[in-house]
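So the structure is just underneath, and the comments pick up after that.
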Amino acid sequence: MGTQVAASTHELRKVYGKGEASVAALDGIDLDIGAGQFTAIMGPSGSGKSTLMHCLAGLDSVTSGRAHIGDTDITRLKEKDLTRLRRDRVGFIFQAFNLIPTLTAEENILLPLAIAGRKPDQQWFDLVIDTVGLRNRLGHRPNELSGGQQQRVACARALVSKPSIIFADEPTGNLDSTSGAEVLGFLRRSVDEFDQTIVMVTHDPVAASHTDRVLFLADGRIVDELWEPDRETVLERMVALTNGAH
Ligand SMILES: Nc1ncnc2c1ncn2[C@@H]1O[C@H](COP(=O)(O)OP(=O)(O)O)[C@@H](O)[C@H]1O
Ligand SMILES: [Mg+2]
């Protein structure tokens with residue numbers, strides 16, 4: 001267990017801008033994301049969380065260093081191959097649910113597969129739908145669903161293509177605590193029951209406590225990590241880092 005690596009980086013750097021105005025959003029990141037693990041990325045605003053996720057997911061280019069999804073070095077892929085990799089092997093869940101308002105829940109969930117020209121595996125689709133609890137909401141449009149239900153649609157959409165890794169950027173950031181807990185519980189189940197790999201950016205210690213491992217970023221570097229986090233230990237580390245202990 002835990003030997004397979006779903007994603008990794010080596011001396012990853014991302015610099016925005018040029019000359020004196022340049023910012024090293026990522027300043028030498030080395031990490032391994034184990035397959036079948038739920039990883040949280042935390043850190044103050046501007047510490048590089050979103051940039052790290054975007055570079056890992058092939059949504060943004062890197063300045064130097066390497067980033068792998070499985071065995072594939074995504075920093076060396078041509079745009080066409082990168083697009084295919086994102087489509088076939090990566091799932092995304094964003095803070096703003098990014099659902100298409102004119103499509104039903106079911107159509108939204110199946111859209112990525114339709115775009116890829118793939119047919120859904122009916123048994124898998126049913127399992128995902130029942131796990132997220134959307135069985136009797138499939139015909140509803142996003143504006144007929146609560147925020148929590150919309151985010152569960154986005155989770156189902158990410159899961160249905162069986163990606164090797166799912167990236168979630170503050171997926172519960174816009175939800176009330178009850179809906180947020182539902183979504184987190186569902187993400188946890190998809191790791192435990194389907195062996196899904198998830199990387200989630202969050203600033204919420206309760207959200208982080210649902211994960212297996214928390215990586216703490218500051219100024220574009222990994223400055224701390226915590227396995228089997230609970231709310232209190234995450235809070236303690238956050239306070240320590242904010243007080244400049246790194
Ligand atoms: N597109 C961009 N252009 C210029 N600077 C950027 C861009 N995106 C992010 N940055 C800068 O990179 C740093 C890290 O940003 P970001 O990854 O969004 O942090 P976080 O998600 O932790 O809040 C910040 O200093 C931010 O201002
Ligand atoms: Mg961010």
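Quantities reported herein were computed from a predicted structural model and do not represent experimental measurements. First listed ligand is number 1; within each ligand, the first listed atom is number 1.
With respect to the salt-bridge test (charged N to carboxylate O, under 4.0 angstrom), the residues Asp81 and Arg84 qualify.
Of the polar atoms of Val23, none of the N or O atoms is found under 3.5 Å from an N or O of ligand 1, judged by distance alone. On a distance-only criterion, Ala25 and ligand 1 share no N/O pair closer than 3.5 Å.
Nearest protein heavy-atom contact of atom 17 (O) of ligand 1 is Thr51 OG1, 2.5 Å. Regarding atom 22 (O) of ligand 1, its nearest protein heavy-atom neighbour is Lys49 NZ, 2.8 Å. At the top of the distance list for atom 19 (O) of ligand 1, counting protein heavy atoms only, stands Gly48 N, 3.2 Å. The protein non-hydrogen atom at the shortest distance from atom 3 (N) of ligand 1 is Tyr16 CD2, 3.5 Å. With hydrogens left out, the protein atom closest to atom 18 (O) of ligand 1 is Ser50 CB, 3.9 Å, a heavy atom. Closest to atom 14 (C) of ligand 1, if we only count protein heavy atoms, is Gly46 O, 3.4 Å.
By the neighbour-count criterion of 12 heavy atoms within 6.0 Å, atom CD of Glu193 is densely surrounded, having more than that number from other residues, nucleotides or ligands.
Inter-residue side-chain proximity for Leu215 and Arg213 is flagged as met; some heavy-atom pair is nearer than 4.5 Å. The shortest distance between side-chain heavy atoms of Asn174 and Phe94 does not fall below 4.5 Å.
Atoms of ligand 1 lying under 4.0 Å from any heavy atom of Ser45, numbered from 1 in the order shown and given with element: 23 (O).
Residue Pro44 places a heavy atom less than 4.0 Å from ligand 1.
For the residue pair Asp230 and Ser209, no side-chain donor N or O sits within less than 3.5 Å of a side-chain acceptor on the partner.
Using modelled atom types, no side-chain atom of Ser179 and backbone atom of Leu175 make a donor-acceptor pair closer than 3.5 Å.
Distance check on atom 26 (C) of ligand 1: every protein heavy atom falls at or beyond the 4.0 Å cut-off.
Residue Ser50 counts as close to the Mg ion (ligand 2), with an N, O or S atom under 2.8 Å.
Partner of His68 under the side chain to side chain contact (heavy atoms under 4.5 Å, CB included) criterion, out of Ile74, Asp32, Asp73: Asp73 alone. The residue from Arg137, Glu182, Arg157 that alone fulfils the side chain to side chain contact (heavy atoms under 4.5 Å, CB included) condition with Arg152 is Glu182.
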